[in-house]
Amino acid sequence: MCGIVGYIGTRAAADILMEGLRKLEYRGYDSAGIATVLEGEILCIRAKGKLQNLQDKLDGVDNPARLGIGHTRWATHGKPEEYNAHPHLDNHGRVAVVQNGIIENYRDLRETLKQQGHRFISDTDTEVVPHLIASYLHQLEQTGATPSGRSVLLEAVRLASQDLQGAFALAVISADFADELVVVRQQAPLVIGFGQGEFFCASDTPAIVPYTRAVLPLENGELASLTPLGVEIYSFSGDRLRKHPLTLNWNPIMVEKQGFRHFMLKEIYEQPGVVRTALETYIDSNWSPNHNNASPIHLNLPTPLLEDLEQVQIVACGTSWHAGLVGKYLIEQLAGLPTLVQYASEFRYSPTPLTRHTLTIGVTQSGETADTLAALEMEQNRRRDRQDAAFAPRLLGITNRPESSLARLVPAIIDTHAGLEIGVAATKTFTAQVMAFYFLALDLAYRRQTLSPQALETMLMGLHQLPAQIEQILESQERYIEELAHDFSDTQDFIYLGRGINFPIALEGALKLKEISYIHAEGYPAGEMKHGPIALLDARVPVVAVAMPGGVYDKVLSNAQEAKARDALLIGVVSAEDREAPEVFDQVLPVPPVDELLSPIVAVIPLQLLAYHIAARRGLDVDQPRNLAKSVTVE
Ligand code: AGP
């Protein structure tokens, strides 16, 4: 949700800021802007809409400034118009600020500032920040109070930050401090990059990795002053903090499309590799059921986290929540542990009663989703307050970003190693999250002895077949699905059905379609259809059913027949060996035959392709669908 960048160094800041914003455009694309400091003045240029509009305005402007900040916006307060675009300035144009997050008390601050003579020109919450900072700068100048060791600009930003309530990351420059960039983090991500004589800041690392892999994520309640001489970090209370950067292990090439038309398609095609990496990372290839004195799964989690568990609860949003639903099925079926799956945004305000010996898993590919982080924090606090060992917090994260806020909040994570995902619609990170749940469920099953060594070996063999099976689907199905997508140029509604472990796949198929094609799509448990949604069906509403072999296969087929009787066009994701299903469905999307427990991974691939091709066929912006952002860092 909104991307911010900043640069101070020896190169032309505007180019670096624009390059950084390009890498962060997935976080929002309602408007964009940059501000630079040159010869004692701030030059601020902003444009409504996509980044290209800003680039068009910048073309031909000679700007050698070496200090600047930039922003790409996902509108929260105020319409996506240029006057609401960041950076925002104080009335004298001496302070410029970009922000990610929400300032909750901005109305009160605005009123107070107005009474002091400040004038506001935007509808945003952010605009109070440069005014506040300017006001503190003025006070510091008047009183001559020079804070011990801290720069005047940092001090003004620190005092302003103490007045702000909500979640915010800020980057601040001033025309009066030509050699300083100040950044702040409070409940919204902010990373500092350390180059040679140059420093960067950004909401996310892709904006920084082209220049350096040495990064330092700020923690909540911290701010930093970046000057050509180095970086100084302070707490909001003014204490100097000593910190060391960490080194990222991924490279800039991951942020390119590599010949694919869209990032989403590239990421769909990366899934065999993602699954292979997960298997290589977490499964001991030498394990055998005959010499089974250790678990074949190596998650490297602290032992007390998983000991004597009585319950598991999963909190997540969106696609990660769907992965959690598959996880519930796996943990319950394989390890026999009751498992609840909660929307993080619901759980944080209506938590379930505390249960004993409970593992709480936060699933978030970005590791920055505000609701998921807040739900985990709330769970941690209420369990600590209980002061009873049986209720002590046991938190685990499943994330694709080991450097994220989630990874720093919880004591242990499973890193999904999917590589950076740029497309707003999650594809490979979903598959990777489901893989993490296979490993966790099998590890728990091993520890709790709920699965025989032979059954465990069979599951492992099945998991190892998945990369080749996904490749086979991509090779054999993509053309066909691309053709099929032509049939839905005017379709306005879709229904997706699934049962058991494939009910979440129906939800995921529907979510993929609606978020990138803007077609209304509902995922439903197939057996529930007759309790309401069946009323929607007629010849204009296609029904996609996941009908993989297993305990509910016949039931799903019957539910599909019920839809067919209402004239719906039926599309089935079925096993390639199924001879019965093609009789029932109008179109089949065959996938290799797999064990029912493994079927979500193969079933989701044709649904991702279907959503992709329907949206691409409509000429839509698949990677940056309207109103969405990749990383949802506000409530
Ligand atoms: C997925 O296609 C969506 N864009 C969205 O639902 C996403 O999964 C959700 O916002 C959660 O994100 P997270 O995994 O980074 O927490």
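Counting starts at 1 for both ligands and their atoms, following the listed order. Values below: every heavy atom of this structure, side chains too, minus hydrogens, waters and symmetry copies.
- Geometrically, ligand 1 and Leu511 share no nitrogen or oxygen pair separated by less than 3.5 Å.
- Proximity of a side-chain donor or acceptor of Tyr282 to a complementary backbone N or O of Asn300 within less than 3.5 Å is not detected.
- Here the protein heavy atom with the shortest distance to atom 10 (O) of ligand 1 is Val632 CG2, 3.8 Å.
- Lys23 has a carboxylate O that lies under 4.0 Å from a charged side-chain N of Glu19, or vice versa, which qualifies the two as a salt bridge.
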**Asked** Can Lys243 and Glu222 be said to form a salt bridge (Lys or Arg N to Asp or Glu O under 4.0 Å), step by step?
**Response** CA-CA 11 Å; Lys243 299 204 153 199; Glu222 291 180 356; 2.8 Å; yes
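- With hydrogens left out, the protein atom closest to atom 11 (C) of ligand 1 is Cys317 O, 3.4 Å, a heavy atom.
- Taking every non-hydrogen atom of Lys512 and a distance limit under 4.0 Å, the qualifying atoms of ligand 1 come out as 1 (C), 2 (O).
- Between Tyr106 and His77, the ring-plane angle classifies as perpendicular under the 30° and 60° cut-offs.
- Side chain of Thr72 to backbone of Gly3: no donor-acceptor contact under 3.5 angstrom is found.
- Residue contacts with ligand 1, taken as heavy atom pairs separated by less than 4.0 Å, do not involve Glu368 at all.
- In terms of protein heavy-atom proximity, atom 3 (C) of ligand 1 is nearest to Glu515 OE1, 3.4 Å.
- Close contacts of ligand 1 with Ser320, meaning ligand atoms under 4.0 Å from a residue heavy atom, involve 8 (O), 13 (P), 14 (O).
- Salt-bridge formation is not detected for the pair Glu219/Arg185: no Lys NZ or Arg NE/NH1/NH2 atom is positioned less than 4.0 Å from an Asp or Glu carboxylate oxygen.
- Remark: ligand 1 and Ser366 share an N or O pair separated by less than 3.5 Å (distance only, no angle test).
- Interface atoms of ligand 1 facing Ala426, defined by a heavy-atom separation under 4.0 Å, are 1 (C), 2 (O).
- In this structure, Trp321 and Tyr343 have parallel ring planes: the angle between them is below the 30° cut-off, well short of the 60° mark.
- Tyr612 has its ring centre less than 6.0 Å from the ring centre of His262.
- Polar contact with ligand 1: absent for Gln433 (N/O pair, distance under 3.5 Å).
- Per-residue contacts place Ala425 under 4.0 angstrom from the following atoms of ligand 1 (heavy atoms of the residue considered): 2 (O).
- Exactly one residue among Val275, Leu597, Leu598 makes a side-chain contact (heavy atoms from CB on, under 4.5 Å) with Leu463. That residue is Leu598.
- With atom 5 (C) of ligand 1 as the reference point, the heavy atom nearest to it among Thr369, Leu406, Thr319 is part of Thr319.
- Taking distance alone, with nitrogen or oxygen atoms compared against 3.5 Å, Val424 approaches ligand 1 more closely than that limit.
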